[in-house]
Amino acid sequence: MAEQNKNNGQQQDINQLLKVRREKLANLQEAGKDPFVITKFDQTYHAEEARAEYEALEAKLLAGKDMPDTEGMEPEEAKAVKTEAYNERRAIMDANPIKVSIAGRMMSKRVMGKASFCNVQDKSGNIQVFVSRDELGTDEYADFKKLDVGDIIGVTGYVFRTMMGEISVHADTVTLLTKSLQILPEKFHGLTNTDIRYRQRYVDLVMNADVKETFIKRSKIISTIRRFLDEQGFMEVETPMLVANAGGAAARPFMTHFNALDEDLKLRISLELYLKRLIVGGLERVYEIGRVFRNEGVDTRHNPEFTLMELYQAYTDYHGMMDLTEAMYRHIAQEVNGSTTITYNGVEMDLGKPFERITMVDAVKKYAGVDWNEVADLDAARALAKEHHIEFEDFHKKGDILNLFFETYVEEHLIQPTFVMDHPIEISPLTKKKPENPEYVERFEFFMNGWEMANAYSELNDPIDQRERFAAQDALSAAGDDEAEHTDEDFLNALEVGMPPTGGIGYGIDRLVMIMTDSPAIRDVLLFPTLKTEKK
């Protein structure tokens, strides 16, 4: 009861503060100072730009005029010496003023009689602002004192360094641009509730600089990928999100209804089948970065809508995709983090060394102690699975069970960059068979930190073989596999027109961002992750 009374009291306090903010807005509007009628502000500098330009000018004008060493002096003498030196330096800098107009959210305010300080935050960071009644004028200073933390303001003035050594803006004018009617979280504790952080990402970005940096890095990662592929001769394209047949991956699609055509459609689960059509059309090197949608569970590595990048290159195979992946990951790490060595959750991963390449059969032999080359048939595979307490479905074939062994015994060990090659044909319906052993296909999955980061094939371009593979997938669907593929007649028609030998790969962008930013969950790298609707 005491705790409930405390919470009720806190809520009443908050409600009162919210009421006061609305009253302040009403008073401003009555006085003809409505901030919401302002349409623009001439922002000439961001905080870090102003700071960097001042430091550069300071280094030029104050060379040889360092602050004196006052060690050993009496306190009063030391203070006098420092003040004199500061005033001399300040006079030189003030004679060469850097005039700025900055704008951002006021994150703190200290009112001290005739002079005050506030802190303004923009996209680049924070900068202190010095506000004096003598500079602003009595009425304007009174208006400044009524501002609230969270308000968005514009400041004009010049840059200087305080006696305490902090680069600041000496304000000539302060303009309220937007009145914040909500209350930001208390600055010393910040916004730590993860559910609120994900639901109110706008507040999360305001309060947590590291969150903003994560999403700045995400943008840089994607732009780095684009530049890398453009330089390799790839063409960026866009393909449909609403499709009649959601193929290209083992996943359940989301369903929707198109009223105009009175047809049921699906949200795409992959980019593959349309991009391959473009290879048929002769574009040779194509890629797409876009959202895909899979009707699956949510955990630290899965969100039902996520960003996938797929690319296809004519006249190469899965070895070509390995070479490209290794080069691209190394390039991204260097460009974004400044090193090919990255650390995730305290574990160091070296992208500078050649990535390990191992077959799935050899990996299972290495980590599970089972040599799949000695497994004669499906009955033997099922017996091994039961012996190792691996659950399987009635429709699983020998290759499916090999994959279950891989998932159970191998994945967690693949911390350093590793290509796992040559998957069983049963789990790879769109991949070319290995000529020397048709039970396996020319496919690899790329692993880091025990996670699958990419999936690649030597693409199946035999339309007769592809039709048989689709038929096998249709049979699995009929047997209860709700993630099985379905026959796509138009795609088969494209293959009959003729697709050259092609290498293709899909990268999960969100996991890549997680690795590169040391983020513990996929929701931490999605600006607006999928959440259960909040009950009001």
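Environment of NE2 in His389: sparse, with no more than 12 heavy atoms of neighbouring residues, nucleotides or ligands closer than 6.0 Å. Surrounding CG of Leu261 are more than 12 heavy atoms belonging to other residues, nucleotides or ligands, all under 6.0 Å away. Within 6.0 Å of atom CD in Glu391, 12 or fewer heavy atoms from other residues, nucleotides or ligands are found, so the atom counts as exposed in its surroundings. Around atom CD of Glu489, more than 12 heavy atoms belonging to other residues, nucleotides or ligands sit under 6.0 Å away. Within 6.0 Å of the CG atom in Asp394, the count of heavy atoms belonging to other residues, nucleotides or ligands does not exceed 12.
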task = Test Arg443 against Ser428 for side-chain hydrogen bond (donor to acceptor under 3.5 Å, both in side chains), laying out the working first.
result = CA-CA 8 Å; Arg443 171 185 174 186; Ser428 311; 2.9 Å; yes
request  = Check step by step if side-chain hydrogen bond (donor to acceptor under 3.5 Å, both in side chains) holds for Thr487 and Asp474.
outcome  = CA-CA 7 Å; Thr487 299; Asp474 288 333; 2.5 Å; yes
message = Run the salt bridge (Lys or Arg N to Asp or Glu O under 4.0 Å) test on Arg469 and Asp465 for me, step by step, so that the C-alpha distance in whole Å, both residues' side-chain angles and the decisive distance to 0.1 Å come before the verdict.
response = CA-CA 6 Å; Arg469 306 266 197 103; Asp465 188 359; 3.1 Å; yes
query = Could you go step by step and tell me if Phe405 and Phe392 meet the ring-ring contact (aromatic ring centres under 6.0 Å, His included) rule?
reply = CA-CA 10 Å; Phe405 267 85; Phe392 58 89; 9.9 Å; no
Phe293 and Phe254: CA distance, side-chain angles, deciding distance, ring-ring contact (aromatic ring centres under 6.0 Å, His included) verdict = CA-CA 7 Å; Phe293 310 87; Phe254 286 96; 7.1 Å; no
request  = Apply the test side-chain hydrogen bond (donor to acceptor under 3.5 Å, both in side chains) to residues Tyr198 and Asp524: give CA-CA distance (whole Å), side-chain angles for both, the deciding distance (0.1 Å), then the verdict.
outcome  = CA-CA 8 Å; Tyr198 298 145; Asp524 294 317; 2.8 Å; yes
ask   = Hey, mind stepping through Asn303 and Thr530 against side-chain hydrogen bond (donor to acceptor under 3.5 Å, both in side chains) and telling me if it holds?
value = CA-CA 7 Å; Asn303 193 73; Thr530 304; 3.3 Å; yes
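With hydrogens and angles left out, the side-chain atoms of Tyr315 and Gln313 include no donor and acceptor closer than 3.5 Å. Inspection of the His257 and Asp264 side chains reveals an N or O donor paired with an N or O acceptor under 3.5 Å. Side-chain contact annotation: Tyr45 with Glu53, donor-acceptor N/O pair under 3.5 Å present.
Taking NZ of Lys266 as the start and CE of Met255 as the end, the distance is 4.5 Å to the nearest 0.5 Å. With rounding to the nearest 0.5 Å, the separation of OH in Tyr440 from OG1 in Thr359 is 8.5 Å. Between the CG atom of Asp490 and the CG atom of Asp488 there is a distance of 6.0 Å, given to the nearest 0.5 Å. Residue Leu402 holds its CG atom at 5.5 Å from CE of Met360, rounded to the nearest 0.5 Å. Taking CE from Met328 and CE from Met309, the interatomic distance works out to 4.0 Å, rounded to the nearest 0.5 Å. Taking CD1 of Ile390 as the start and OG1 of Thr408 as the end, the distance is 4.0 Å to the nearest 0.5 Å.
Across every non-hydrogen atom of Val203 and Pro185, the tightest pair is CG1-CD, 3.7 Å. Taking every heavy atom of both residues into account, Leu351 and Pro417 meet most closely at CD2-CG, 3.5 Å.
Taking the ring centroids of Tyr457 and Tyr318, they lie at or beyond the 6.0 Å cut-off. For Phe446 and Phe355, the distance between ring centers is under 6.0 angstrom.
Remark: side-chain polar atoms of Ser477 are not paired, donor with acceptor, to backbone N or O of Ala475 under 3.5 angstrom. Here the side chain of Thr44 pairs a donor or acceptor atom with the backbone of Ser101 at under 3.5 angstrom. When atom types are taken as modelled, the side chain of Ser124 and the backbone of Ala47 share a donor-acceptor pair closer than 3.5 angstrom. In this structure, the side chain of Gln334 engages the main chain of Gly338 through a donor-acceptor pair within 3.5 Å. Between the Asp518 side chain and the Asn345 main chain, a donor and an acceptor come within less than 3.5 Å of each other. The backbone N or O of Ala494 lies less than 3.5 Å from no partner atom in the side chain of Arg277, so there is not a single donor-acceptor pair. Asp317 places a side-chain N or O within 3.5 Å of a backbone atom of Gly320 that can act as its donor or acceptor partner. A donor-acceptor contact shorter than 3.5 Å is absent between the side chain of Asp510 and the backbone of Phe306. Of the possible donor and acceptor atoms, none in the side chain of Asn449 sits under 3.5 Å from a partner among the backbone N and O of Trp451. At least one donor-acceptor pair under 3.5 Å links the side chain of Asp377 to the backbone N or O of Asp379.
The pair Glu442-Lys432 does not meet the salt-bridge criterion, since no charged nitrogen lies less than 4.0 angstrom from a carboxylate oxygen. A salt bridge links Lys434 and Glu436; the closest N-O separation between the charged side-chain nitrogens and carboxylate oxygens is under 4.0 Å. A salt bridge is defined here as a Lys NZ or Arg NE, NH1 or NH2 lying under 4.0 Å from an Asp or Glu carboxylate O, and Asp122 with Arg105 fails to meet this definition. Between Lys276 and Glu459 there is a salt bridge, since a side-chain N of the basic residue sits under 4.0 Å from a carboxylate O of the acidic one. Electrostatic pairing of Lys220 and Glu335 does not count as a salt bridge here, judged by no charged N lying under 4.0 Å from a carboxylate O. The pair Glu288-Arg268 counts as a salt bridge, with a side-chain nitrogen and a carboxylate oxygen less than 4.0 angstrom apart. Using a cutoff of 4.0 Å between basic side-chain nitrogens and carboxylate oxygens, Asp195 and Arg199 are scored as salt-bridged. A salt bridge is absent between Lys366 and Asp362; no separation between the charged side-chain nitrogens and carboxylate oxygens falls under 4.0 Å.
The side-chain heavy atoms of Leu242 and Leu265, taken from C-beta on, include a pair separated by under 4.5 Å. For the pair Arg285/Ile279, no side-chain contact is recorded, criterion being any heavy-atom separation below 4.5 Å from C-beta on. Between Glu445 and His423 the shortest side-chain heavy-atom distance falls below 4.5 Å. At least one side-chain heavy atom of Leu430 sits under 4.5 Å from a side-chain heavy atom of Glu485. Counting only heavy atoms from C-beta outward, the side chains of Glu326 and Met322 never approach each other to under 4.5 Å. The shortest side-chain heavy-atom distance between Thr307 and Ile289 falls under the 4.5 Å cut-off. A heavy-atom distance below 4.5 Å is found between the side chains of Arg511 and Arg301. Contact check for Val364 versus Tyr409: no side-chain heavy atoms found under the 4.5 Å cut-off.
Annotation: cation-pi pair Arg467/Phe470 absent, no NZ/CZ under 6.0 Å from the ring centroid and within 45° of its normal.
Scored by the side-chain hydrogen bond (donor to acceptor under 3.5 Å, both in side chains) test, Thr502 finds no partners at all (sequence neighbours excluded). Shown here are the ring pair (Phe, Tyr, Trp, His ring centres under 6.0 Å) partners of Phe234, two or more places apart in sequence or in another chain: there are none. For Asp400, the side-chain contact (heavy atoms from CB on, under 4.5 Å) criterion is met by His396, Lys397, Glu426, Ile427, not counting sequence neighbours.
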